[in-house]
Structure formats: structure tokens, C-alpha cells
Amino acid sequence: MISRLPKWIEYGAFVLALVAGCINAIGLLGFEHQSVSHLSGTATLLGTSVLGNPATVSLHLAGVLFAFFLGASLSGYLLHGSTLRLGQHYDTALVVESLLLFGAVSGQLK
């Protein structure tokens, strides 16, 4: 068992935490002031938006929930198990995430 993690793992964890914080901040500031990390609040907003808001608001919130569940399912499929092991598809999950982020940015720039 490793008693101390290698530095590259610490740096990678720092970068992943930084990216996650940036995505949450962008979502909070850009998408109707909605946090993308707290899905219980999104589900509550979806429930209340069905009664009094236009359908586009409800569809947006449902899309956020669907995207989260789709991402969680894909991650669970690629990284099954609860231990850190070599040979799992961590790289595939990160490449898919980066492609989706770059796609979102390029879609916003147009």
C-alpha cells in the first residue's frame, strides 16, 4: 500500500477540483443563477417551474437533471468499482468530459 501519493496525482486532483469549481461558478453566474452541483435544488426548481413558468424553463431544468444522470451513468459504466486501480478508463472519462466542455464553449462563442 502506498503511504504517500505521488506528486502528479496531487497536481491532477488540484486541477480537477479547480475545473469543477470553475464550471460551478460559470453555471451559477451564467445559467439563470443556478448551481450545477446541487441537484436537489434543481429538482425543486423543476417541480415549481411546471406550475407557473414557460415550458422552456422546465425543459432547461429537466435537461440539466438529465445531463447529470447521463454523466453519472457513463462514469459508473467506465469506472465501475470503488477503488483506484490501473487499467480502468479514467482517461476515457476525462477525454469525454473535456470534449463536452470544449463543445459547450464553442457553442457559446457563436
Side-chain angles (χ1 to χ4, degrees):
M1 181 162 192
I2 299 175
S3 61
R4 183 172 164 90
L5 289 175
K7 284 290 185 192
W8 66 270
I9 293 178
E10 290 181 30
Y11 296 145
F14 174 77
V15 170
L16 288 174
L18 179 69
V19 169
C22 288
I23 289 171
N24 198 31
I26 290 168
L28 187 62
L29 295 174
F31 299 122
E32 300 180 16
H33 304 292
Q34 173 192 350
S35 176
V36 294
S37 66
H38 306 300
L39 290 186
S40 60
T42 304
T44 303
L45 286 173
L46 175 61
T48 58
S49 74
V50 171
L51 297 177
N53 291 327
T56 56
V57 174
S58 297
L59 286 174
H60 171 78
L61 293 169
V64 170
L65 285 173
F66 177 73
F68 174 82
F69 288 121
L70 184 66
S73 299
L74 179 63
S75 296
Y77 176 75
L78 291 173
L79 307 174
H80 56 278
S82 61
T83 59
L84 179 67
R85 292 181 304 201
L86 294 177
Q88 287 186 324
H89 296 281
Y90 300 109
D91 55 347
T92 306
L94 290 173
V95 166
V96 169
E97 179 185 5
S98 66
L99 290 174
L100 290 170
L101 289 172
F102 284 125
V105 168
S106 66
Q108 290 296 318
L109 295 177
K110 293 180 180 179

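Values below: every heavy atom of this structure, side chains too, minus hydrogens, waters and symmetry copies. Numbers here simply count residues along the sequence, with the first being 1.
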Cluster link [X] to [Y], ILVMFWY, side chain under 4.5 Å:
| X | Y | value |
| --- | --- | --- |
| Tyr77 | Val96 | yes |
| Phe68 | Leu45 | yes |
| Phe66 | Phe69 | no |

What's the separation between atom [atom1] in [X] and atom [atom2] in [Y], rounded to the nearest 0.5 Å?
| X | Y | atom1 | atom2 | result |
| --- | --- | --- | --- | --- |
| Leu78 | Leu94 | CG | CG | 10.0 Å |
| Leu61 | Thr56 | CG | OG1 | 9.5 Å |
| His60 | Asn53 | NE2 | CG | 12.0 Å |

message: Between Ser49 and Leu46 (side chain of the first, backbone of the second, donor and acceptor by atom type, cut-off under 3.5 Å), is there such a pair?
response: yes
Set of residues satisfying salt bridge (Lys or Arg N to Asp or Glu O under 4.0 Å) with respect to Glu10, sequence neighbours excluded: Lys7
query: Is any side-chain heavy atom of Val57 closer than 4.5 Å to a side-chain heavy atom of Pro54?
result: yes
field: Closest contact, heavy atoms only, Val64 versus Thr42
entry: CG1-CG2, 4.0 Å
